[in-house]
A.B. asks: 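Structure below; questions to follow.
A quick note: this is a predicted structure, and the numbers were derived from the prediction, not measured.
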Amino acid sequence: MSDVIVIGAGPAGLAGAIACAEFGLKVTVLDEFFRPGGRLLGQLYEEPSGNWWNGIKEAERLQQKTKDLAIDVRCGVSVFNLEKDELLWNVHTNAGSMKASYVLVATGSAEYPIPVPGWTLPGVMSIGAAQVMTNVHRVQVGKKGIIIGANILAFAILTELQLAGIQVDRIVLPEKSPISQEAGEPEEVLKSLLSAAHLAPSLLLRFGSVFMKNGLLRKIALNFYPKGGMKISGTPLQLRKAAMEIVGKKQVEGVRVVDITPNGATVPGSDKIYEADFVCIAGGLYPLTEITAVAGCPFQFVPELGGHIPVHSEWMETPLQGLFVAGNITGIEGGKIAMAQGTVAGLAIVKRSGKEAGSIDRLLQKSVDYVRDVRQHAPIQFNPGVDEGRQTMKELWVSKYGKEGKVIS
Amino acid sequence: MNDKDLLVCRCEEISDEEIREAIRQGARTITGIKRRTRAGMGLCQGRTCQRLVARILAEETGMKPEDIDPGTDRPPVKPVSFGVLGGVAND
Amino acid sequence: MTRLLDHPILGKLPERKAISFQFDGKNYEAYENETIAAALLANGVRTLRLHEESGKPRGIYCNIGHCMECRVTVNGQPNVRACLTIVQQGMVVESGKQLPNAIKRMEEG
Amino acid sequence: MTRSADVVIIGGGAIGTAVTYYLAKRNLKVIMVEKGDIAQGTSSKCDGNVLIHDKLPGYDASLAKLSQDMFPGLTKEIDYDMHWTRKGSLLLIESQQEMEVAKEFCRKQQEQGLPVRIMDQYEVHEDEPKLAKDIIGGLETQCDGSLDPMALAYGLTHGAQKLGAEILTYTSVTGIGLNSDGSVGKVITDKGEILTKNVVNAAGIWAPEIGAMVNLKIPIKPRQGQILVAERTFPVARRKVVEFGYLMAKFEGDNYQRSVPPEMVEYGIAFVFEPTHANNFLIGSSRRFVGMDITCHNGVLKALAQRAVRFFPVMKDINVIRSYAGLRPYTPDHMPIVSDSEVPGFYVAAGHEGDGIGLSLITGKLMTQIICGEQTEITIDPLRLSRFADENVSA
């Protein structure tokens, strides 16, 4: 029987497993995908420093470490229930049930869809699906595609599609609605793109991202924003166009697009159909928390971290004895931060297991500080309010469970 | 439900209009909408549509996002066969 | 759709053994360690099932096992996720079919 | 905001909405108060059985048949689709010993004019081809049916509203005011008071809490049941299918033990299969006293799945996509309470254990007749709350 079961073999899960195994704990890692690495497997972008962040290499490095430490990484395993009996956590999977004193849930995130009429047609996929098909499976997702939704993830993956020689005809916004919310308002989109200025070098540098911080100037800029859009390494970003419908009989054949005003209102009679054989919907990410929910973990609504998330301390510990969380399940951030959080969770498990009395407190505190450090220098910020969100969760924890984190059940 | 409708729940093919109708009939939670329309009862158990339903509910009722209690997650969080769940898969 | 054998950053794909499998009665070529969804897409097949109730065509959506849209029948075992399942030599895959709705007909009848 | 009504009904489940609907049909001014959403309690955590096959011959079966025969017309009457189907039900017989008891059970029900018959091994497999081969027979009840339990409550609410009933959801009852003579004077809620002479306590497992407001002891205990939800799939069986063995264990008490693994007895597992209009099916049932806990316990889910595969091996490859747990309002003698009480104007309609959906309509009708002082369609002596008064019943 293992001491620790890690659910999710992404950056957070693998880092957590490695931290535990380095202190001699017996660890099993479970993941549904057929290869470990999680969202790392699709990541490939150029950092401000000019070198490339290659997620696949990163995943291979972590995987090698798990081999060196004899960590049992099992892929193709789906966890369907997590329940505690008197002492041990019971993890129920499609490959049988297993028990352990400690469980680290690192199931990451899922993508927000933005429904568009016709979006159930084959050929319509989330932008993450196109990323995985391109970088992991090395299969072209189509000849000519259109991306609906302009956000950081969309730009990062756009570059990856272009690198793979896949033509992305244009990026347009979704139609403004209670579902798409800010994603359908050109001004809001432009404001959110400011934190990705370095990622879309050609376009926004010409606008001068500092210059655009002022709301009024943004409005003026949008009024003069060319209908044909500004090119991002060849693909026009059309902030004044919205996708009304995805057309096609048996699969995607095109997208009906209309002009929109700076605040997202559609201009009647301005619709055109642009040909495409695939469509990517980029709605952003939200934490995938279902396993901690069935385990009975208390939740808290923190909008900056992605909504309802499991309550946890800076040591990545939840109020349930032996249950830990790390990575995008605690709030949407980049892969490096997920790894740093995984290490904190691993060291916190080592501390709770009483394995390494001496140096563990110092190492644990260092790893917590490291998370903050990585966050400061993160090239991508998925949500501008993430620091505030982390602070809210920390204060909630201290107020409810005290600094050390007394555990309730 | 014609093709021009906007499908919010892909698994059960439930449109945003059917969701608004459920709210007009008194649903105030994601579970209340699910029970009236089946949105969220499919194989993905709301992983795709639940947060979209929450946004429609907030807009229709003026409720603040933090006041909308999310749907309830229940095992199995991923589909599992009767054979595996019952431990009779292999014989 | 073609396979991306070379990539400016990710480099050349390592040599992989070709294998064959069946989808809805036709033979297709795949490579070792490819998922059913990827192999079918490489052969230009996007539709993996028909919606059980409406019969409308469906294909992959999330491609990482969350949305359940890509479910197919593999060697008689129904509702296997094509985006997570690796193709094996001689695998028999069938697309998901529209189902007759006995209860509803009973109500209409 | 003070309101007034001829009758206030507390509870918006299948029972509460049925009582509200039938009272509204008598164009009485009725107000239904529900602390959450319609059908938020047990009525959304059950299956939709409307059965007589599990009722002891005699009063039980007659009450159930009266209620069952009200369903066919209801859909048209309230113009709301509740997915009612009446294809009969099948009790599965596993052993010769069970067959003997089933034959006797069937004879008594036939004497009472109920459309039941014994099926031999050939007939039962022809009726349901996917059944496990070793099933030796069945007891068919041609008049049994089922529907969507939530749609029943929504439909009855819709019907009642059309007849002028006022529905107050998300409104909690905090007290009941009595007049100086001890009779009901008003219902106090967190959204204001409602003056009324008549209150119907249809609060299900919360009925004891409401009863305590007029210091009445209502011996209802929550008895948990868990249900598995299958995915949309090919038809496994065309109608309600239940194991007979469980009923025997229930009626025969200790001198009959099914030959089943211990957890089946510990969790009170009884195979219940119900196809739904959504082209999937529900698998029940379990019985445990765990207080108000409605979380799903993996051990129970496993036992339910095991029992299902035992009767329909083809389910081995079908997926479970959901489970849920509900709390049946259980009374010591397995009979519901449909009755007045020592407190004038305070009525009780609760305690239906597993039959709340099936007995909802007759409960609505009987409660209307009681309140209107009319002769009830069937004697309600076995349903009186006072039956618990003499023994010192611990709730």
Side-chain angles (χ1 to χ4, degrees), chain A residues 31-35 38-39 41-42 44-46 52-57 75-76 78 107-111 113 118-143 159-160 162-166 248-252 277-278 281 288 290, chain C residues 1-14 16 29-51 53-70 74 77 79-88 95-96:
Chain A
D31 196 298
E32 277 194 312
F33 207 63
F34 58 95
R35 259 171 70 184
R39 283 194 186 276
L41 293 174
L44 187 61
Y45 57 81
E46 200 176 359
W52 280 85
W53 167 262
N54 180 332
I56 295 170
K57 285 263 171 309
C75 288
S78 285
T107 42
S109 55
E111 290 190 69
W119 73 304
T120 58
L121 280 168
V124 179
M125 61 191 80
S126 71
I127 192 140
Q131 176 185 47
V132 169
M133 198 57 95
T134 308
N135 292 353
V136 178
H137 301 302
R138 303 288 283 272
V139 169
Q140 252 189 358
V141 278
K143 292 278 172 291
T159 321
E160 291 162 10
Q162 289 168 334
L163 270 174
I166 296 163
K249 274 186 273 346
K250 284 245 179 299
Q251 53 187 41
V252 171
D277 67 341
F278 74 93
I281 292 183
L288 200 54
E290 55 217 22
Chain C
M1 264 40 81
T2 54
R3 288 191 172 89
L4 305 161
L5 300 179
D6 198 353
H7 189 283
I9 307 288
L10 300 174
K12 254 191 154 338
L13 256 184
R16 291 179 302 178
E29 190 194 66
Y31 286 94
E32 269 183 339
N33 229 330
E34 228 171 24
T35 63
I36 297 171
L40 285 175
L41 185 59
N43 284 282
V45 174
R46 287 191 191 279
T47 301
L48 298 173
R49 62 178 249 270
L50 300 181
H51 187 271
E53 194 67 22
S54 72
K56 291 225 201 85
R58 293 294 183 97
I60 61 165
Y61 180 75
C62 80
N63 204 20
I64 50 171
H66 288 161
C67 70
M68 312 306 297
E69 288 280 5
C70 65
V74 173
Q77 165 78 22
N79 296 312
V80 170
R81 284 172 284 185
C83 72
L84 292 182
T85 308
I86 298 295
V87 183
Q88 306 299 334
S95 59

A.B. asks: Between A:T120, A:V132, A:I166, which residue shows the highest count of heavy-atom pairs closer than 4.5 Å to chain C?
C.D. replies: A:T120
A.B. asks: With rounding to the nearest 0.5 Å, note down the distance linking NE2 in C:H66 to CD in A:E111.
C.D. replies: 9.5 Å
A.B. asks: Name the member of C:L13, C:T47, C:D6 that forms the most heavy-atom pairs with chain A at distances under 4.5 Å.
C.D. replies: C:L13
A.B. asks: Less than 4.5 Å apart, side chain to side chain, heavy atoms only: is that true for C:L10 and A:R138?
C.D. replies: yes
A.B. asks: Which answer fits A:T134, side chain, backbone, both or neither, if we ask what part of it has an atom under 4.5 Å from a heavy atom of chain C?
C.D. replies: both
A.B. asks: What distance do C:I64 atom CD1 and A:R39 atom CZ have between them, rounded to the nearest 0.5 Å?
C.D. replies: 4.0 Å
A.B. asks: If we define contacts as heavy-atom pairs under 4.5 Å, which of C:H7, C:E34, C:E69 has the most with chain A?
C.D. replies: C:H7
A.B. asks: Taking side chain as everything from C-beta outward and backbone as N, CA, C, O, which of these in A:Q251 sits under 4.5 Å from a heavy atom of chain C? Side chain, backbone, both or neither.
C.D. replies: side chain
A.B. asks: Could you give the distance from CG (C:N63) to CD1 (A:I127), rounded to the nearest 0.5 Å?
C.D. replies: 13.0 Å
A.B. asks: Looking at C:A39, C:C67, C:C62, which makes the most heavy-atom pairs under 4.5 Å with chain A?
C.D. replies: C:C62
A.B. asks: Please classify the contact of C:L84 with chain A as side chain, backbone, both or neither, using a heavy-atom distance under 4.5 Å.
C.D. replies: both
A.B. asks: Within the structure provided, determine whether C:R46 and A:V252 are in side-chain contact (heavy-atom separation under 4.5 Å).
C.D. replies: no
A.B. asks: For the CE atom of A:M125 and the CD1 atom of C:I60, what is their distance to the nearest 0.5 Å?
C.D. replies: 4.5 Å
A.B. asks: Looking at chain A, which one of C:P8, C:A38, C:A42, C:A37 has the largest number of heavy-atom pairs inside 4.5 Å, strictly under?
C.D. replies: C:A38
A.B. asks: Quick one: CZ on A:F33 to SG on C:C83, what's the gap to the nearest 0.5 Å?
C.D. replies: 7.0 Å
A.B. asks: Under 4.5 Å from any heavy atom of chain C, what part of A:L44 do you find: side chain, backbone, both or neither?
C.D. replies: side chain
A.B. asks: Answer with side chain, backbone, both or neither: which region of C:L48 has an atom nearer than 4.5 Å to a non-hydrogen atom of chain A?
C.D. replies: neither
A.B. asks: If you count the non-hydrogen atoms of other residues, nucleotides and ligands that lie under 6.0 Å from NZ in A:K143, is the total more than 12?
C.D. replies: yes
A.B. asks: What distance separates C:L4 CG from A:Q140 CD, expressed to the nearest 0.5 Å?
C.D. replies: 5.5 Å
A.B. asks: Which of the residues A:L121, A:I56, A:V136, A:V124 is involved in the greatest number of heavy-atom pairs with chain C at under 4.5 angstrom?
C.D. replies: A:V124
